[in-house]
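By convention in this document, chain letters (A, B, ...) are assigned in the order of the sequence lines, proteins followed by strands, and residues within each chain are numbered from 1. Since the structure is predicted, the reported quantities are computational estimates derived from the model, not experimental observations.
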Amino acid sequence: MTRAQQTLSIGLLLSSIYMVAFLGLAPLPEKLQTDVIPVLPFWAIVTFGAYLLAKLGYGVLTFNDVPQAHQELVKQIEQARVELKKKGVEVN
Amino acid sequence: MAATKHKYSILLPTYNERRNLPIITYLLEQTFSQAGLDWELIIVDDGSPDGTQTVANQLIKAYNTRGAGGERIKLKPRAGKLGLGTAYVHGLQFVTGDFVVIMDADFSHHPKFLPIMIEKQREADYDIVTGTRYAGDGGVYGWDLKRKLVSRGANLVADTVLRPGVSDLTGSFRLYKRGVLEKVIKATESKGYSFQMEMMVRAKAMGFKVAECPITFVDRLYGESKLGGEEIAEYLKGVFNLWYKV
């Protein structure tokens, strides 16, 4: 099953369940039927969008910076140059 | 109890890496001899005009020895820029190890992580070990806010659309069992940027066991990194293509 098939199947399933609720085919408490069900899709999309944005922001903020790795590398490159020149390899 | 002897083959496609190649080779040699592991380096150069092959030959003279297992470095060039996927296929023909490492030649991927990845692989006989910049104490150096935003954004798109179960989908620092790499490459169709992504998604879909290893990614010290609007469009196309196909 491709991811496309997976996503579309789940989408279809959720849509069917929603349609049942939306068309009043299932016995639901009055408040739920009139106040919640009609706006559920929009609410779900907005919440999902907000969740993704939060994930992105969090990811960027907690992106690990590694200056020590850079310093270590620069040192190693110098070492490498010295050794390589000795072995007759041109560096730079 | 006799342990099977393992050999690690580094597949390094190069294009204009004259300055980086000797250093990365030096670091690889250091890492592997300190860890006491058997290794080889296969350089697949796509006809670089900057003298990469000359340096490769100097490295061969400097590091290869006569006798069993002495041919550490092999240069297997091609006539021109023929693409990353085919470079791997080409290089794979000359691999004599049972494990293959894919990495970048510009030391954004540091060989010091290889023993860690190898150890990780042994833990549960994983088929693939992939480096991640996003989890654990992985990280980057030299990335401004824009680059971080684009990178996280790209990974988020891929993560949401493809749900791959791997934290760093676009990374290309990986250790594969040789047979696994051969199978995955055969199934992969993308070119360019999407190639590494597709390999991972396909591998997961084929049921291979993948482990992750935090790595630090130090941005190019020499050379320009290419990331423009066109690349982003290509990337998004690649992700949706994978969503549809795999």
### Results of side chain to side chain contact (heavy atoms under 4.5 Å, CB included) for B/Asn16 - residues two or more places apart only
B/Ser48, B/Pro49, B/Asp50

### Query
For B/Tyr63, is it the side chain, the backbone, both, or neither that has a heavy atom closer than 4.5 Å to a heavy atom of chain A?
side chain

### Query
Does A/Glu90 offer a backbone N or O that forms a donor-acceptor pair with the side chain of B/Gln58 under 3.5 Å?
yes

## Note on the structure
Looking only at heavy atoms, the pair that brings B/Pro22 and A/Val89 closest together is CB-CG1, 4.0 Å

### Message
For the CG atom of A/Asn64 and the CZ atom of B/Phe217, what is their distance to the nearest 0.5 Å?
### Response
14.5 Å

### Query
Between B/Leu145, B/Val161, B/Leu156, B/Asn57, which residue shows the highest count of heavy-atom pairs closer than 4.5 Å to chain A?
B/Leu156

#### Entry: Option in B/Leu27, B/Thr54, B/Leu162, B/Val55 with maximal non-hydrogen atom pairs under 4.5 Å from chain A
B/Leu162

### Flag if over 12 foreign heavy atoms under 6.0 Å of NZ, B/Lys183
no

### Message
With a 4.5 Å cut-off on side-chain heavy atoms, are B/Ile23 and A/Arg81 touching?
### Response
yes

### Task
Go through the structure and list residues passing salt bridge (Lys or Arg N to Asp or Glu O under 4.0 Å) with A/Lys87, not counting sequence neighbours.
none

### Query
Is any side-chain heavy atom of A/Gln79 less than 4.5 Å from a side-chain heavy atom of B/Gln30?
no

### Task
Go through the steps for A/Thr2 and B/Lys245 under the test side-chain contact (heavy atoms from CB on, under 4.5 Å), then give the verdict.
CA-CA 6 Å; A/Thr2 67; B/Lys245 278 197 305 189; over 6 Å; no

### Summary
Residue from B/Leu21, B/Asp159, B/Leu59 scoring the most non-hydrogen pairs under 4.5 Å with chain A is B/Leu59

### Task
Just do the side-chain contact (heavy atoms from CB on, under 4.5 Å) check on B/Lys112 and A/Gln76 with the steps written out, would you?
CA-CA 11 Å; B/Lys112 73 179 176 185; A/Gln76 285 178 322; 5.8 Å; no

### Task
Check whether any side-chain heavy atom of B/Leu242 lies under 4.5 Å from a side-chain heavy atom of A/Arg3, and answer yes or no.
no

### Message
Quick check on B/Thr25 against chain A: is it the side chain, the backbone, both or neither that has a heavy atom closer than 4.5 Å?
### Response
neither

### Query
Mind checking whether B/Lys148 and A/Asp65 have side chains closer than 4.5 Å, heavy atoms only?
yes

### Query
Between B/Arg152 and A/Phe63, is NZ or CZ placed under 6.0 angstrom from the six-membered ring centre and within 45° of the ring axis?
yes

### Message
Which residues in residues 30-61 of chain A have any heavy atom closer than 4.5 Å to a heavy atom of chain B?
### Response
A/Phe48, A/Leu52, A/Lys55, A/Leu56, A/Gly59, A/Val60

## Note on the structure
A/Thr7 meets the side chain to side chain contact (heavy atoms under 4.5 Å, CB included) criterion, sequence neighbours left out, with B/Arg163, B/Trp243

### Query
Do you know the tightest heavy-atom contact between A/Ala69 and B/Val218?
CB-CG2, 4.0 Å

### Portion of A/Glu72 that has a non-hydrogen atom of chain B nearer than 4.5 angstrom
side chain

### Task
Might you confirm whether atom CZ of A/Phe22 has over 12 heavy atoms from other residues, nucleotides or ligands at distances under 6.0 Å?
no

